[in-house]
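Here's the structure we're looking at; comments come further down.
Quick note: residue numbers are just sequence positions, from 1.
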Amino acid sequence: RAAIELADEPDQARLWYRLGRVLASGDASVHAYQRAWQQGEEHNLPADFKLESLGRQLMVTFRFTASVAQQPGEPEIDELIALGNAWLPDADAHAVATFEIAQGHKTFWLRQAASRPATEEDVTAAQDHEQRGLGLAERLDDAELMSAALDGLAGISQANDWRTAMEMSRRRIGFADRLNLEERLDALQVFAWASALLGELQEAAEAADAGVALLQPGQNTQFVLACA
């Protein structure tokens, strides 16, 4: 972070974005993405950059809820989404896909961190966002975004429909060789959970074993516990 302050001001925004990507989750990642789009706005950087950064901030907040201690309220979330919608017409397909997919995870966030239950309208809106984002990600052939979108579709209704969660995770596993370690492990652990809850115990055990086998002793222990 100290090195970022030594860069020229327009470059600082891009460095904050890179820091958010490296951190991947947690309050520090949320803060880095927020600083990225804020400085992007201050220095009139392209809408692509600002929307991508904001979308990533929402993705961490919504998708990796348990990693974020300082949770925003829904009014603050609505303000961020409104800001993103203002940049949407001038943004490229990748930034739009990121923003759409992030919004598709909102019902998961509502169940985990917010003060009200998700409504049928929330569910419908999330599915629409996720399907639009998935369509863009598939056209871009972006495996990371495709995986995030499928994870979002699983999370929208997984409390009531573990069969869908299992099938969405199976699709993610189908291109696991194109995913980073965290996405691959996440797909396997959700598949294992869903399979176990549906009574598909052999598939659950195989997915859990595959997830644990990807890691070295002592590495990423939270994923080992989740798979196990």
Side-chain angles (χ1 to χ4, degrees), residues 24-27 29-31 33-34 37 51-88 95-138 144-172 182-183 185-198 222-223 226:
S25 63
D27 295 79
S29 180
V30 170
H31 172 73
Y33 286 131
Q34 184 175 39
W37 66 255
L51 187 64
E52 181 81 30
S53 301
L54 178 57
R56 294 285 175 182
Q57 178 186 346
L58 291 173
M59 188 87 77
V60 173
T61 302
F62 289 164
R63 190 181 179 200
F64 307 120
T65 307
S67 75
V68 181
Q70 300 298 317
Q71 285 289 333
E74 193 169 11
E76 183 180 344
I77 290 295
D78 290 342
E79 289 178 6
L80 292 173
I81 290 173
L83 183 61
N85 284 330
W87 295 327
L88 201 61
V96 173
T98 301
F99 185 58
E100 292 282 9
I101 292 167
Q103 290 181 84
H105 285 80
K106 187 180 178 184
T107 55
F108 180 80
W109 173 77
L110 284 170
R111 291 199 305 273
Q112 299 294 318
S115 58
R116 69 169 180 85
T119 65
E120 287 299 320
E121 289 77 12
D122 291 321
V123 170
T124 299
Q127 289 171 333
D128 289 345
H129 284 300
E130 217 63 87
Q131 290 290 359
R132 286 196 294 270
L134 178 59
L136 286 169
E138 288 175 336
E144 179 197 357
L145 287 180
M146 288 160 55
S147 179
L150 292 168
D151 186 41
L153 288 169
I156 288 168
S157 58
Q158 72 181 31
N160 304 310
D161 184 8
W162 281 100
R163 179 65 61 184
T164 295
M166 182 178 174
E167 293 309 316
M168 293 301 101
S169 299
R170 193 193 302 276
R171 288 177 64 182
R172 295 170 70 194
E182 287 77 11
E183 285 290 332
L185 287 167
D186 185 69
L188 286 165
Q189 73 182 30
V190 175
F191 186 86
W193 297 342
S195 299
L197 286 165
L198 292 167
Q222 68 268 32
F223 273 113

- Message: Phe62: which residues meet the ring pair (Phe, Tyr, Trp, His ring centres under 6.0 Å) condition with it, sequence neighbours left out?
- Response: Trp109
- Kindly write out the residues that satisfy salt bridge (Lys or Arg N to Asp or Glu O under 4.0 Å) with Asp27, not counting sequence neighbours, or none if the list is empty. none
- Might you point out which heavy atoms bring Ser147 and Arg172 nearest each other, and give the distance in Å? OG-NE, 2.9 Å
- Message: With heavy-atom distances below 4.5 Å as the criterion, would you say the side chains of Lys106 and Leu58 are in contact?
- Response: no
- Message: Checking Asn85 now: which residues fulfil side chain to side chain contact (heavy atoms under 4.5 Å, CB included) with it, not counting sequence neighbours?
- Response: Ile81, Leu88, Phe99
- Task: Mind listing the closest non-hydrogen atom pair of Val60 and Ser67 along with its distance?
- Result: CG1-OG, 4.4 Å
- Would you check, one step at a time, whether the test side chain to side chain contact (heavy atoms under 4.5 Å, CB included) holds for Leu153 with Thr164? CA-CA 8 Å; Leu153 288 169; Thr164 295; 5.7 Å; no
- When every non-hydrogen atom of Ala154 is compared with those of Ala165, the smallest separation belongs to CB-CA, 3.6 Å
- Note on the structure: Contacts of Arg170 meeting salt bridge (Lys or Arg N to Asp or Glu O under 4.0 Å) (sequence neighbours excluded), chain-then-number -> Glu167, Glu203
- Query: Does Phe108 have any ring pair (Phe, Tyr, Trp, His ring centres under 6.0 Å) partners at least two apart in sequence or in another chain, and if so, which?
  - Reply: none
- Query: Arg111: what forms a salt bridge (Lys or Arg N to Asp or Glu O under 4.0 Å) with it, not counting sequence neighbours?
  - Reply: none
- Message: Could you work out, with ring pair (Phe, Tyr, Trp, His ring centres under 6.0 Å) as the rule, every residue matching His31, not counting sequence neighbours?
- Response: Trp16
- Message: With rounding to the nearest 0.5 angstrom, report the CE to CD1 distance, Met168 to Ile156.
- Response: 10.0 Å
- Task: Would you check if Arg132 and Leu136 make a side-chain contact, meaning some heavy-atom pair closer than 4.5 Å?
- Result: no
- Query: Residues in salt bridge (Lys or Arg N to Asp or Glu O under 4.0 Å) with Glu130, at least two apart?
  - Reply: none
- Query: Which residue pairs pass the ring-ring contact (aromatic ring centres under 6.0 Å, His included) test with at least one member in residues 144-167, sequence neighbours excluded?
  - Reply: none
- State whether the side chain of Glu100 and the backbone N or O of Ala149 hold a donor-acceptor pair below 3.5 Å, judged by distance alone. no
- Message: Tell me every residue that passes side chain to side chain contact (heavy atoms under 4.5 Å, CB included) with Thr119, counting only those two or more places apart in sequence or in another chain.
- Response: Arg116, Glu121, Asp122
- Can you tell me which residue pairs pass the ring-ring contact (aromatic ring centres under 6.0 Å, His included) test with a partner in residues 111-132, sequence neighbours excluded? none
- Message: Quick check: closest heavy atoms across Gln112 and Thr65, and the distance to 0.1 Å?
- Response: CB-CG2, 3.9 Å
- Inter- and intrachain pairs under salt bridge (charged side-chain N to carboxylate O under 4.0 Å, His left out), touching residues 52-65, at least two apart: Glu52-Arg56, Arg56-Glu144, Arg63-Asp151, Arg63-Glu183, Arg63-Asp186
- Query: If you take all heavy atoms of Ala97 and Ala137, which pair is closest and at what distance?
  - Reply: CB-N, 4.4 Å
- Out of Leu197, Val190, Leu198, which residue meets the side-chain contact (heavy atoms from CB on, under 4.5 Å) rule with Met166? Leu198
- If every non-hydrogen atom of Thr98 is compared with every non-hydrogen atom of Met59, which pair is closest and at what distance? O-CE, 3.9 Å
